[in-house]
Novice: 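What follows is a structure written as structure tokens; I'll ask about it next.
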Amino acid sequence: MNIVVCVKQIPDPETPASQFAVDEAAKRVIPAQGIAPVVNPYDPQATEAALRLKDAAGEGRITVVSLGADSARDAIKHALAMGADEGVLLSDPAFENIDSFQTAVALAKAIEKIGDCDLVLMGRAAADWDMGVAPQGVAELLGVPAVTIAKSMTADGSTLTVERVLDDGFQMVEVDLPAVVSISNEFGEPRYPQLRQIMLAAKKTVQVWSAEDLGLEAGETGEANRWLPLEALYIPTVESNVEIIEGDSPEEQAHTLALKLREAKLI
Amino acid sequence: MPGTLIIAESSGGAAAPVALELLAAARALAEQGGGAVSALAAGDAALGRTLIEHGADAVYLTPAGSLDAGFAETAAAAALATREAADADIVLMGQTSLGRDLAPLMAFRLGTAAAMDCMALTLADGRLRATRSCYGGNANAEVTWRGETQIATLKLKAWDALAPDAGRDGPVTAIEATGEQRVRVIATEAAEASGVRLEDADVVVSGGRGLGDPAAFGALEELARMLGGATGASRAACDLGWYPPSQQVGLTGKTVTPNLYIAVAISGASQHMAGMSGSKNIVAINRDPDANMVQVARFAVVEDYKKIVPALIEAIKKLD
Ligand SMILES: Cc1cc2nc3c(=O)[nH]c(=O)nc-3n(C[C@H](O)[C@H](O)[C@H](O)COP(=O)(O)OP(=O)(O)OC[C@H]3O[C@@H](n4cnc5c(N)ncnc54)[C@H](O)[C@@H]3O)c2cc1C
Ligand SMILES: Nc1ncnc2c1ncn2[C@@H]1O[C@H](COP(=O)(O)O)[C@@H](O)[C@H]1O
């Protein structure tokens, strides 16, 4: 089974609010000092899912694709160190500040160029823009079905059975390959790259493709051609008027809190 | 003038709360100069009637089940046909299991964008502008659309439903559409629910990783029961297997807006806040005075929860 995994490098989503800054004029996030970018947390889970399917099938090739700046090589290397076979970096000045829709177009073109792909695995959403639209987009552009927010998955020949997480429960679905599946955090922890794997990964090839290599026209890429133009970006204000409940003992604090809540008619 | 189409989900034949929120959002756009409000629903004429009373000018009905979670392909066929029939250039739906799939699927089929999880909408010169949170809740983005059709999912509970008006009237018609459903739904399993539903609760007591022990949820459940509320959890607690994911509050979990939200041993990461910052009153029980949850709370007790929660249960018992 040949699988393509899409991984994105993003600013660490656990960056504390106090260190999170925005350049409002440029409508961009200012990278926090000393906090390195990370792989979008759902994407190593997609890599993990790919590795498990390949292990179960006993054959196949896993190609990792990332669209981003040169530093996105690290996201690819991470997946290679987990055990993926080869990488493709989609890198071009024209990809700067594009949206998830344009990204889906570029990813779909790259997957077609890679060729002979049975399954595309992605994360449920990229934790920078929190959109969660690229999986449906890549599927639609490739003309295959998408199954989103997967918790677990098994393959039987060319049929995939996927357990999905819903707002209010779970759902089992079946789909014939080729297909796109997006993975959610409920899938579980991805494996941690071992030293030997990291050394092996250094020898694996990472190709670099430009917009032109993908056959993308000038009108399709670039910030100016976003499908969802960004008009403003800012940090919302939150007020703090907290009343700290003091007391000589936990019992006294609890009693004061109960009285305050009763006074405010909250209980 | 082109109008707004809302995708009205329902459950057991009755309109889902989000369907009525969508109607309120669409009516607000109509008041800003937008066109007529149409609704697509999967059900019968009674459901159609409810939607008209809550703000729809016209309702299109598709067979029951065709807007269920997992059926985005079926839903997309119906929604695309309705968009044409109703002449809508704005399509709104909820940020639900269905909406997360249907919005991007429709968008790519139409060659346009979908803005996800929007919390405010305005109309200027007939074009939509949406505010949505991003970077896990750390930033807000305002977006517009390049394509003609503007698709958005709305954050749950960000709009208040309008009161029903029995005097409103409008056509309720069937819409014919068939779409290939390549994803085969084998089984849908509802999460076990006992007591008050998290989304409907007036009081929510949530626990986080700082509980250190899944058994501690027992005391939180007792507190919630005493207050007639429901129990939630942070994702860290759910990922540890301490509490079911259906009770997770936050960006990737439930959105709750209770009158009282008691956060026990939850730090208040932006992604958690995204699901509960609409709460009217927040109480933080946390031993770290600098925790974000303490900062945003109305009342905070900075102490070990193991001492405070049992004492609070006793103190509340004594109030009555
Ligand atoms: C893409 C993405 C989506 C996410 N979605 C969600 C989401 O939907 N919901 C969500 O909740 N999170 C979500 N997260 C995770 C989020 O970033 C935080 O990691 C998570 O909310 C932290 O959970 P917590 O507050 O329980 O744990 P921690 O951050 O570890 O906080 C534990 C708190 O407990 C306090 N504490 C410890 N011991 C005690 C004690 N004995 N008594 C009192 N207080 C104590 C500590 O002071 C601390 O404040 C998401 C993250 C990402 C990247
Ligand atoms: N720049 C990118 N490079 C590679 N994969 C991406 C990129 N952007 C998005 N993806 C994939 O699409 C998923 C959802 O992204 P989004 O729709 O942007 O939230 C991510 O989890 C990735 O798997």
Side-chain angles (χ1 to χ4, degrees), chain A residues 13-14 17 20 22 29 99 101 104 127-133 136-137 140-141 145-148 164-176 185-186 226-236 238 240-245 250-251 253-255 257-258 260-262 264 266-267, chain B residues 69-70 96-97 100-101 104-105 107-109 112-117 129 134-136 138-147 182-191 227 239 245-246 251-252 259-260 269-270 281 292 294-303 307-308 311-312 315-316 319:
Chain A
E14 310 238 359
F20 183 86
V22 161
V29 169
D99 63 25
F101 301 90
D128 47 3
W129 296 102
D130 298 324
M131 287 289 283
V133 297
Q136 284 287 353
E140 191 55 27
L141 294 162
V147 177
T148 56
R164 309 182 57 221
V165 183
L166 302 184
D167 294 334
D168 273 303
F170 301 98
Q171 183 170 64
M172 286 302 246
V173 304
E174 254 177 34
V175 72
D176 294 328
N185 54 292
E186 288 83 359
R226 286 172 64 102
W227 296 22
L228 196 65
L230 184 60
E231 308 291 350
L233 186 70
Y234 54 91
I235 296 178
V238 255
S240 178
N241 306 311
V242 61
E243 180 178 340
I244 305 281
I245 308 288
E251 287 70 29
Q253 284 172 297
H255 178 68
L257 176 61
K260 298 246 179 208
L261 293 177
R262 173 54 60 87
L266 296 175
I267 61 173
Chain B
T96 59
S97 292
R100 285 187 175 95
D101 284 346
L105 183 56
F108 279 95
R109 287 197 177 164
T112 190
M116 307 300 285
D117 217 3
R129 183 175 174 120
C134 52
Y135 286 87
N138 277 322
N140 282 355
E142 292 183 14
V143 296
T144 53
W145 283 255
R146 187 154 77 115
R182 293 164 297 182
V183 177
R184 303 184 289 276
V185 174
I186 308 298
T188 302
E189 188 192 322
L227 302 176
D239 281 352
S246 57
L251 181 67
T252 44
N259 201 19
L260 176 60
S270 58
N281 298 280
N292 188 51
V294 171
Q295 301 305 314
V296 301
R298 175 164 175 198
F299 300 116
V301 186
V302 179
E303 184 47 279
K307 296 182 186 150
I308 297 298
L312 184 59
I316 292 172
L319 283 182

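Below, chains carry the letters A, B, ... as their sequence lines are ordered, and counting in each starts from 1.
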Novice: Out of A:G132, A:A17, A:P13, A:P236, which one racks up the most heavy-atom pairs below 4.5 Å with chain B?
Specialist: A:P236
Novice: Looking only at heavy atoms and a cut-off of under 4.5 Å, which of B:S246, B:S270, B:A315 has the most pairs with chain A?
Specialist: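 If we count pairs closer than 4.5 Å to chain A, B:A315 comes out on top.
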Novice: Tell me whether A:D167 is salt-bridged to B:R100, with the criterion being a basic N under 4.0 Å from an acidic carboxylate O.
Specialist: yes
Novice: Looking only at heavy atoms and a cut-off of under 4.5 Å, which of A:A232, A:G169, A:G137 has the most pairs with chain B?
Specialist: A:A232
Novice: Do A:T148 and B:D101 meet the criterion of a side-chain donor-acceptor pair at a distance under 3.5 Å?
Specialist: yes
Novice: For A:F170, what residues pass the ring pair (Phe, Tyr, Trp, His ring centres under 6.0 Å) criterion, not counting sequence neighbours?
Specialist: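 Checked A:F170 against ring pair (Phe, Tyr, Trp, His ring centres under 6.0 Å); zero matches.
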Novice: Quick one: which of A:V175, A:I267, A:D130, A:V22 has the most heavy-atom pairs under 4.5 Å with chain B, could you say?
Specialist: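 It is A:D130.
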Novice: If you count heavy-atom pairs under 4.5 Å between each of B:A187, B:A191, B:A141 and chain A, which one has the most?
Specialist: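 Option with the greatest count: B:A187.
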Novice: What orientation do B:F108 and A:W227 show, parallel under 30°, tilted 30 to 60°, or perpendicular over 60°?
Specialist: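 Rings of B:F108 and A:W227: tilted, 30 to 60°.
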Novice: Measuring from B:C134:SG to A:M131:CE, what's the distance to the nearest 0.5 Å?
Specialist: 10.0 Å
Novice: Can you tell me which portion of B:A69 sits under 4.5 Å from chain A's heavy atoms? Options are side chain, backbone, both or neither.
Specialist: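 For B:A69, heavy atoms of backbone and side chain both lie under 4.5 Å from chain A.
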Novice: Below 4.5 Å from any heavy atom of chain B, which atoms of A:Y234 appear? Answer side chain, backbone, both or neither.
Specialist: both
Novice: Taking A:L257, A:L261, A:V147 one by one, which has the highest count of heavy-atom pairs under 4.5 Å against chain B?
Specialist: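 It is A:L257.
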Novice: Answer whether the closest heavy-atom distance between the side chains of B:V296 and A:V242 falls below 4.5 Å.
Specialist: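 B:V296 does not reach A:V242 side chain to side chain.
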Novice: Is there a side-chain contact between A:L233 and B:N140, using heavy atoms and a 4.5 Å cut-off?
Specialist: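 SC-SC contact between A:L233 and B:N140 ruled out.
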Novice: Could you measure the distance from the NZ atom of A:K260 to the CG atom of B:N281? Nearest 0.5 Å is fine.
Specialist: 13.5 Å
Novice: Distance from B:R146 atom CZ to A:D99 atom CG, nearest 0.5 Å?
Specialist: 9.0 Å
Novice: With a 4.5 angstrom heavy-atom cut-off, is it the side chain or the backbone of B:L105 that approaches chain A, or both, or neither?
Specialist: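 The answer is both parts of B:L105.
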Novice: Look at the side chain of A:S240 and the backbone N and O of B:Q295, then say whether any donor-acceptor pair between them is shorter than 3.5 Å.
Specialist: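 Yes, A:S240 side chain to B:Q295 backbone: donor-acceptor pair under 3.5 Å.
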Novice: Given heavy-atom pairs under 4.5 angstrom as the criterion, report whether the side chain, backbone, both or neither of A:E140 touches chain B.
Specialist: side chain
Novice: Heavy-atom distance under 4.5 Å to chain A: side chain of B:L260, backbone, both or neither?
Specialist: side chain
Novice: Walk me through it: do A:I244 and B:V294 pass the test side-chain contact (heavy atoms from CB on, under 4.5 Å)?
Specialist: CA-CA 8 Å; A:I244 305 281; B:V294 171; 3.8 Å; yes
Novice: Quick check on B:T112 against chain A: is it the side chain, the backbone, both or neither that has a heavy atom closer than 4.5 Å?
Specialist: backbone
Novice: Is any NZ, NE, NH1 or NH2 atom of the basic residue among A:E243 and B:R298 found under 4.0 Å from an Asp or Glu carboxylate oxygen of the other?
Specialist: no
Novice: Which atoms of B:N259 are under 4.5 Å from chain A, going by heavy atoms: the side chain, the backbone, both sets, or neither?
Specialist: both
Novice: Could you give the distance from CD1 (B:I316) to NE2 (A:H255), rounded to the nearest 0.5 Å?
Specialist: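 Result: 11.5 Å between the selected atoms.
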Novice: Relative to chain B, which segment of A:A146 carries a heavy atom at a distance below 4.5 Å: side chain, backbone, both, or neither?
Specialist: backbone
Novice: With rounding to the nearest 0.5 Å, note down the distance linking CD in A:E231 to CD in B:E142.
Specialist: 8.5 Å
Novice: Heavy-atom cut-off 4.5 Å, strictly under: side chain, backbone, both or neither for A:A127 against chain B?
Specialist: backbone
Novice: When heavy-atom pairs shorter than 4.5 Å are enumerated against chain B, which of A:L141, A:N185, A:V29, A:L230 gives the highest number?
Specialist: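 Among the listed options, the one with the most contacts to chain B is A:N185.
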Novice: Rounded to the nearest 0.5 Å, what separates atom CE in A:M172 from atom CZ in B:R184?
Specialist: 13.0 Å
Novice: Pick from A:E251, A:E186, A:Q253: which one has the most heavy-atom pairs with chain B under 4.5 Å?
Specialist: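 Most heavy-atom pairs within the cutoff with chain B belong to A:Q253.
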Novice: Let me know if A:D168 has heavy atoms under 4.5 Å from chain B in its side chain, its backbone, both or neither.
Specialist: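 Its backbone and side chain both get close to chain B.
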Novice: Looking at side-chain heavy atoms only, is the closest gap between A:D176 and B:R182 below 4.5 Å?
Specialist: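 A side-chain contact is absent here, since even the closest heavy-atom pair is not under 4.5 Å.
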Novice: Residues two or more places apart in sequence or in another chain: which of them pass side chain to side chain donor-acceptor pair (under 3.5 Å) with A:R226?
Specialist: none
Novice: Under the side-chain contact (heavy atoms from CB on, under 4.5 Å) rule, what do A:V173 and B:I186 come out as? Steps first, then yes or no, please.
Specialist: CA-CA 5 Å; A:V173 304; B:I186 308 298; 5.5 Å; no
